[in-house]
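Owing to the predicted nature of the structure, the values given are computational and were not obtained by experimental measurement. Atoms within each ligand, like the ligands themselves, are counted from 1 in listed order.
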Amino acid sequence: MEQPVSQVRLWNGGLAWMVTRYDDVREVLADPRLSSDMSRPGFPAHNASVAATRQKHRTFLNMDDPEHAKQRRMVTRDFMIKHVEALRPRIQRHVDALIDEFSAGPQPADLVTGIALPTSSATISELLGVPYEDHEFFESRSRTISSGDVEPVEALQAYEELREFLRGLVDRKRAEPAQDVISHLVELETRGDIGIDELLNMLRLLLGAGHETTANMIALGTLALLEHPEQLERLRNDPSPQRVAAAVEELLRYLTISHFGRRRIAVEDLEIGGQTIKAGEAVVVANDSANRDPDAFPDPDVLDLERDARHHLTFGYGVHQCLGQPLARVELQVVYPTLFRRLPDLRLAAPMNELPFKTHSVFYGLFSMPVAW
Ligand code: HEM
């Protein structure tokens with residue numbers, strides 16, 4: 001018998017209701033009776049490291065309104081489509097320069113460290129006001145925090161190191177403000193709108209979410225296109241902005257790198273898909289399964305770059321819907337067509353089954369991806 005809302009066992013032995021259908025997932029993510037507050041007892045964290053770091057250092061990702069809205073509003077403008085679109089020419093120039101350097105180097109080479117990470121890290125660094133020279137430091141600490149394969153104490157240590165790094169930047173911007181997100185937040189902190197701890201945690205969230213997620217999508221999306229040559233051919237034959245935008249939405253749906261589901265806890269009794277969920281019970285909202293629901297996407301397991309996939313749930317839904325989605329979209333819309341135009345013979349240089357996938361990380365992706373061209 002089909003049970004679209006069923007109980008599942010979590011890594012820590014706890015139970016959670018898993019919501020799998022597209023309509024139910026949207027309904028749940030829009031329902032204020034489900035809380036994102038990780039400090040509530042019984043909250044279904046992804047793994048022990050996430051539980052340890054996010055409970056100690058709260059960000060608006062794990063707060064409810066009105067606290068969540070108050071903090072999110074402080075950075076909404078910086079990530080709005082209009083603002084982010086203005087960065088497109090700079091992102092294009094940066095990606096072109098990266099490919100120049102990458103293609104002049106030895107083969108095979110790693111697409112993750114050569115193209116994916118430098119695209120997303122440089123973009124978010126510039127927006128926030130973080131020196132890009134420090135990218136190896138913040139990339140490695142972020143990788144540890146979200147890996148899911150380290151002891152919580154190691155993840156906490158990496159978190160503290162990132163916070164100290166960001167504290168140094170905040171002090172510098174206090175002395176010499178610039179046109180960037182850190183300077184803007186320092187101004188708000190000086191006015192008393194936000195405390196220093198909250199500010200550092202928010203910056204950690206923006207820096208981490210801003211580079212890791214998109215880098216994962218760049219590598220996995222490239223891999224998916226290489227594995228579906230007939231789809232790639234269509235994109236090559238018509239790299240118009242509309243076609244590219246549609247392809248990016250379908251890759252986001254098909255790959256759903258936010259693969260561990262959105263995590264929530266019920267604060268009141270409610271009913272989802274015919275199932276009663278009681279106050280205090282944990283919920284895993286499976287946006288990955290929703291993205292493969294045949295009622296929302298016919299032939300959902302087929303990668304079809306021509307389908308309209310704009311209603312996918314890879315960025316979540318409701319008040320916590322991804323703040324950085326316009327930025328992620330612009331980066332992906334620039335990278336894929338540029339990469340395949342500039343390197344027409346791009347190919348995988350290792351067997352698929354030997355690739356190191358980020359199976360346990362908060363976001364799915366690849367640790368490395370050897371390619372030749
Ligand atoms: C929230 C996915 C890129 C910043 C989220 C959520 C998802 C998501 C699923 C919702 C979390 C929830 O409901 O519990 C993604 C994916 C990305 C991406 C798949 C890339 C392909 C980015 C970028 C940034 C960013 C580039 C830039 C800083 C955030 C922030 C939140 C968030 C701050 C919290 C929003 C809130 O709680 O109100 N993201 N994200 N993300 N994302 Fe992204």
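Between the side chains of Asp180 and Ser183, at least one donor N or O lies within less than 3.5 Å of an accepting N or O.
Aromatic rings of Phe363 and His259 (six-membered ring for Trp) have centroids beyond the 6.0 Å cut-off, not under it. If you look at His312 and Tyr254, their ring centroids are not closer than 6.0 Å. Between His320 and Phe60, the gap from one ring centroid to the other reaches at least 6.0 Å.
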Which N/O atoms of ligand 1 sit under 3.5 Å from a protein N/O, and at what distances?
unit_1	atom_1	unit_2	atom_2	d
ligand 1	13 (O)	Arg264	NH2	2.9
ligand 1	14 (O)	Arg264	NH1	3.0
ligand 1	37 (O)	His320	ND1	2.6
ligand 1	38 (O)	His68	NE2	2.6
ligand 1	38 (O)	Arg72	NH1	2.7

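For Thr256, the side-chain hydrogen bond (donor to acceptor under 3.5 Å, both in side chains) criterion is met by Asn291, not counting sequence neighbours.
Applying the side chain to side chain donor-acceptor pair (under 3.5 Å) test between Ser121 and each of Glu126, Glu139, Glu136, His135 identifies Glu139 as the sole match.
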